[in-house]
Trainee: 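Dumping the structure here so I can ask a few things about it.
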Amino acid sequence: DAGVIQSPRHEVTEMGQEVTLRCKPISGHNSLFWYRQTMMRGLELLIYFNNNVPIDDSGMPEDRFSAKMPNASFSTLKIQPSEPRDSAVYFCASSFGTRLAETYEQYFGPGTRLTVT
Amino acid sequence: AQTVTQSQPEMSVQEAETVTLSCTYDTSENNYYLFWYKQPPSRQMILVIRQEAYKQQNATENRFSVNFQKAAKSFSLKISDSQLGDTAMYFCAFMKLGQFYFGTGTSLTVIP
């Protein structure tokens, strides 16, 4: 298995531009997570999907952030408009489980390093 | 809400020695999972070890083992025979019903 795939690996953009991060979870996994990692705040959960449905988006910082999961094999995290404080590493992770039952470990993608100038 | 606390921001250990990273958590749940993840300079998050709360036996994976104290809500990671490749950030994580909660991490440096 190729593992969780994220693209791009690095993104440099100017303030005000739209940024789209992409994630392909491991085949067969039905839970997908977006995290943001910064030195100041560590690893933060942004949003969590189960069976393509957003379950908890309370970690999404503000309306400039949106996430979609149109199907089981693809998710996007969009920032519009981007700001310098959005600079961080964004991780996507996937796991298998149901909303009511236990799930197991998350498998992380390699991350996308976003720099907003 | 669940919280995970790693009180050691940085640690170092001599190569071949043993080091223990601490983690405490707060929960009212009885059944849950605990994990240690490793993040080397490559940034990739790698699962190191997993512990089910209903199991009394401490999990072990080669040189990595945990000391799980459920009553004390403590979940420390012991690395034996430390190797240079163990240099990384280590994150403790609590999981219940698919929701993961991560600690702030401990930066471990293995000194040759």
Side-chain angles (χ1 to χ4, degrees), chain A residues 2-6 8-10 23 25-26 29-59 88-115, chain B residues 1-10 21 23-25 27 29-55 59 61 64 66 68 75 77 88-108:
Chain A
V4 177
I5 299 172
Q6 289 185 249
R9 295 292 304 275
H10 303 273
C23 176
I26 292 173
H29 283 187
N30 63 349
S31 295
L32 184 140
F33 307 78
W34 282 101
Y35 291 91
R36 177 173 66 178
Q37 185 179 38
T38 61
M39 288 295 292
M40 293 297 294
R41 292 191 296 271
L43 199 61
E44 303 173 279
L45 176 65
L46 300 178
I47 188 168
Y48 154 44
F49 292 89
N50 183 260
N51 292 326
N52 312 337
V53 176
I55 302 301
D56 183 357
D57 64 355
S58 60
V89 178
Y90 291 81
F91 286 99
C92 175
S94 72
S95 67
F96 177 78
T98 68
R99 185 176 177 181
L100 297 178
E102 300 295 346
T103 60
Y104 295 96
E105 59 266 22
Q106 293 184 356
Y107 294 84
F108 283 76
T112 295
R113 181 176 291 279
L114 173 65
T115 303
Chain B
Q2 278 65 228
T3 59
V4 179
T5 302
Q6 292 179 250
S7 58
Q8 306 152 313
E10 295 182 356
L21 310 183
C23 173
T24 58
Y25 56 94
T27 184
E29 302 286 348
N30 190 47
N31 295 318
Y32 49 86
Y33 292 80
L34 296 164
F35 304 86
W36 278 97
Y37 280 87
K38 168 185 176 181
Q39 187 180 37
S42 67
R43 294 203 321 261
Q44 180 72 47
M45 291 282 280
I46 303 165
L47 177 67
V48 174
I49 200 164
R50 176 182 72 195
Q51 174 80 42
E52 293 90 340
Y54 63 84
K55 289 187 178 179
E61 287 288 339
F64 298 87
V66 298
F68 174 48
F75 183 61
L77 174 69
M89 281 287 288
Y90 287 81
F91 292 94
C92 178
F94 170 101
M95 190 276 287
K96 173 69 178 179
L97 292 179
Q99 286 278 40
F100 275 72
Y101 303 87
F102 284 85
T104 52
T106 296
S107 177
L108 177 68

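Protein chains get the first letters and strands the later ones, always in sequence-line order, with residue 1 at the start of each.
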Trainee: Below 6.0 angstrom between ring centroids: does that apply to B:F35 and B:F91?
Mentor: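 No, they do not, as the ring centres are separated by 6.0 Å or more.
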Trainee: What are the two closest heavy atoms between B:Y101 and B:V4, and how far apart are they?
Mentor: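 Minimum heavy-atom separation between B:Y101 and B:V4: O-CG2, 3.4 Å.
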Trainee: Compare all side-chain heavy atoms of B:Y37 with those of B:I46 and state whether any distance is below 4.5 angstrom.
Mentor: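 They are not in side-chain contact.
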Trainee: Heavy-atom cut-off 4.5 Å, strictly under: side chain, backbone, both or neither for A:E44 against chain B?
Mentor: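 For A:E44, no heavy atom lies under 4.5 Å from chain B.
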Trainee: May I ask you to name which of B:M45, B:R43, B:Q39, B:Q44 has the most heavy-atom pairs under 4.5 Å with chain A?
Mentor: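 Heavy-atom pairs under 4.5 Å are most numerous for B:R43.
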Trainee: For B:Y32 and B:Y25, which I'm curious about, is there any donor-acceptor pair between the side chains at under 3.5 Å?
Mentor: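 Present: a donor and an acceptor within the cut-off.
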Trainee: Quick check on the interface: out of A:Y35, A:F91, A:Y107, A:F108, who has the most heavy-atom pairs with chain B under 4.5 Å?
Mentor: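 Of the candidates given, the most pairs with chain B belong to A:F108.
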